[in-house]
Amino acid sequence: MDHNHLLIAFALIGLAGIGAQWVAWRTGLPAIALMLVAGFILGPATGLIDPHHDFGEMLEPIVSIAVAIILFEGGLTLKFSELKKAGAAIGRLVVIGVPVAWVAGSLALYHVAGFDWPVSILFAGILVVTGPTVIMPLLRQSNLAPRPKAVLKWEGIVNDPIGALLAVITYEYLVQAQAGSTFIDNMLALLVSMIVAGGMGYAAAYAVRWMFPRGLVPEFLKAPVLLVMVIGTFVLSNFIQQETGLLAVTVMGIALANMKLSSARTYLPFKENITILLVSGVFIILSASLDVEALMQFQGRWFLFLLVLLFIVRPLTVFISLAFSKVPWREQLFIGWIAPRGIVAVAITGLFALRLDEIGYTGGQYLVTLAFAVVAATIVAHGFTMKPLARMLGLNGPESNGVLIIGGQSFSFSLAKTLRMLGVPVTVADTGWQRLAPARSAGIPIFHGEILSEATEDELDFSQFQALVATTDNEAYNALVCSEFVHEVGSDAVYQLGDASEGDPHALSDSLRGRALFARGHGVEDVAESESRGWTLRAIDLTIRHDFKDALSRLPEGADLLFILREDGQLRFTTHASQPEGRPGDIIVAYCPPGTPELHLEVTEESLAAAKQADTQAEPEEART
């Protein structure tokens, strides 16, 4: 093997995987679909990489460890205390829906797709997953009502490890059957394997819980130690009983998620980053491994199976599970249609497809092709119909263009009233009931409680907010709030009051705070003093391009531009680091001293002509953060 070629293969896999993720972020397209296309181009289409040839015997261990870490990360998202968001529906979809989907899928694979019973049962177990790596981005891009959104989210999270466990259980049974054991012996061996693997996973999680709070592992080593323990648990469990490692790391993730660890924030960003890398890499490797001959042998009955899976198996599963429940028929219909599969289905299929031939079962070589077909079909069918179907069934939720304001100060309510006057949804949060009185009297939605509490996530849907603005009279608290919710809202959408003094060694680091409001980054004391002197927020409509400069020139001395409201409802705040540019149709809002009159801009024929010429020559505006 040419080492240079192997290095090039690694580089291409990384560039294609992360590049597809970036393009998906910029365009809103499903990342998994872009990775599928990228992997197919690198593999079957151009032959730039051939995983089987490039990695040889290392391919299976690479995929195995990657899948183990992905399943561990999936287990970390499963917190039992948060399942109440979806109510009893999620319990029905797990207890009733999983067996129904497994049986119905097995029947469809055997009678329609033409696979043998063992292969059908194994693959149907994998297909009970509704990939969270796909459903979560789709939910973020959609505008769903809270209940169907919660049901789809938690079904994907819960069923993700369950599908893996069903595949492991089936494979273990097939291995025992090939060894000539009786049914009872098979079941006993399987039960013992599950108990041992589950016990190892829980023991590993308990070891982490015991070591981390006691300072036995320094902060900078906690994430690496956890990663090594996951890999070690996976390998050790497989060494004791083949193919139980996936069960062990899944149990480890679930157990760790439900053990309250104060140091969880140390390793959670790391595990998210490593999972993105592994998801991207594994998906590119598997899609590049597609066999062209197998693709050419794609049978018509496989296409028929896809139709049965979409239009019979999934709706039947949901309707049986939610029958006689409190979930309305419109929500049942919607949930019964939406079930995209993702990376976990493909990765687990690719892992077991490599081993089915080793234990004497044919058809495994076609499973990866069919798994990709299922992923592609469900992404296209569900990804492009989710929004229209939700709109048609009246299941749209609150718009995601709101603003969450933290703090019950005078400036907070001035900002809230101005935003609401401009048609932007606003919620004001504070721990003091009396401090929220002005918002209550003005009819502005409030959140009474500590925003940093763990219960906040259960009570407040952050997907409805395009920005968070911390405006309390404590700059350090504002910074803490911004750093806490940067992963929920985005680093470019958390703002705070507080002076961002560049070059000041005593100031808070930019990495620990939100973006400082105003070009001069006014501190909380400055804003409090301005409020006491009667400063107000003034809004100005922009009708032509160069009116922006006119508007700024007409502001009184000392006034500061606060934000620009685009025609599409998007906000662009002025910060210490950047100032957005106004354009026709925008509304600009400035913080002005007392006595500032209402501002109106005159539009002349010359300015209109100049604006038209500028519009025809203008290029698309670059993203500003």
Side-chain angles (χ1 to χ4, degrees), residues 24 27-34 36 85-90 92-94 96-98 100-101 104-105 108 127-160 303-343 345 373-402 425 461 463-464 466 568-569:
T27 62
L29 295 173
I32 195 170
L34 297 175
L36 173 59
K85 291 182 179 181
I90 188 63
R92 285 169 166 261
L93 286 172
V94 173
I96 303 174
V98 168
V100 171
L127 291 183
V128 303
V129 304
T130 53
T133 55
V134 181
I135 193 67
M136 298 299 282
L138 289 179
L139 291 177
R140 283 194 294 267
Q141 295 168 10
S142 63
N143 181 30
L144 275 181
R147 182 163 51 190
K149 186 174 185 177
V151 169
L152 289 172
K153 170 188 173 181
W154 287 105
E155 182 192 17
I157 292 175
V158 174
N159 283 359
D160 204 32
F303 178 75
L304 184 60
F305 164 75
L306 295 177
L307 296 179
V308 171
L309 182 69
L310 290 172
F311 293 99
I312 297 180
V313 174
R314 173 61 180 180
L316 184 67
T317 299
V318 173
F319 294 155
I320 292 178
S321 302
L322 301 182
F324 307 107
S325 70
K326 296 181 179 179
V327 180
W329 69 268
R330 292 183 300 171
E331 295 184 12
Q332 292 188 33
L333 183 62
F334 183 83
I335 297 169
W337 171 244
I338 304 298
R341 274 66 170 186
I343 180 62
V374 170
V375 168
T378 53
I379 287 176
V380 172
H382 302 149
F384 291 99
T385 60
M386 176 179 281
K387 289 183 180 180
L389 183 61
R391 186 166 52 250
M392 184 178 67
L393 294 175
L395 297 179
N396 285 333
E399 295 292 337
S400 58
N401 62 342
D461 181 12
S463 64
Q464 62 183 302
Q466 63 169 310
D568 59 1

Any pair counted as side-chain hydrogen bond (donor to acceptor under 3.5 Å, both in side chains), so long as it reaches residues 325-334, sequence neighbours left out: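 Matches after skipping sequence neighbours: Arg147-Glu331.
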Mind checking the [atom1]-[atom2] spacing from [X] to [Y]? Nearest 0.5 Å is all I need.
X: Arg391; Y: Leu144; atom1: CZ; atom2: CG; answer: 11.5 Å
X: Thr130; Y: Lys153; atom1: OG1; atom2: NZ; answer: 13.0 Å
X: Leu36; Y: Ile379; atom1: CG; atom2: CD1; answer: 7.5 Å
X: Thr378; Y: Ile338; atom1: OG1; atom2: CD1; answer: 10.0 Å
X: Ile335; Y: Thr317; atom1: CD1; atom2: OG1; answer: 12.5 Å

Locate the shortest heavy-atom distance separating [X] from [Y]; write the atom from each residue and the value.
X: Trp154; Y: Ile90; answer: C-CD1, 3.4 Å
X: Asn159; Y: Val98; answer: OD1-CG2, 3.6 Å
X: Pro148; Y: Phe334; answer: CB-CD2, 4.4 Å
X: Pro315; Y: Leu310; answer: CD-O, 3.3 Å
X: Val129; Y: Ala345; answer: CG2-CB, 3.9 Å

query: Residues two or more places apart in sequence or in another chain: which of them pass ring pair (Phe, Tyr, Trp, His ring centres under 6.0 Å) with Phe311?
result: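 Counting only residues at least two positions away or on another chain, Phe311 forms a ring pair (Phe, Tyr, Trp, His ring centres under 6.0 Å) with Trp337.
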- prompt: Mind checking whether Val380 and Thr385 have side chains closer than 4.5 Å, heavy atoms only?
  reply: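 They are not in side-chain contact.
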- prompt: Sub-3.5 Å donor-acceptor pair from the side chain of Arg314 to the main-chain atoms of Ala339, do we have one?
  reply: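 No: the side chain of Arg314 does not pair with the backbone of Ala339.
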query: Hey, is the main chain of Leu93 close enough, under 3.5 Å, to the side chain of Ser321 for a donor-acceptor pair?
result: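 Checked: no pair found.
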task: Only counting residues at least two apart or in another chain, list the ones meeting side chain to side chain contact (heavy atoms under 4.5 Å, CB included) with Val308.
output: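 So Val308 forms a side chain to side chain contact (heavy atoms under 4.5 Å, CB included) with Ala108, Val112, Ile312, Val313.
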- prompt: Charged N to carboxylate O under 4.0 angstrom, Lys149 versus Glu155?
  reply: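 No, this pair does not count.
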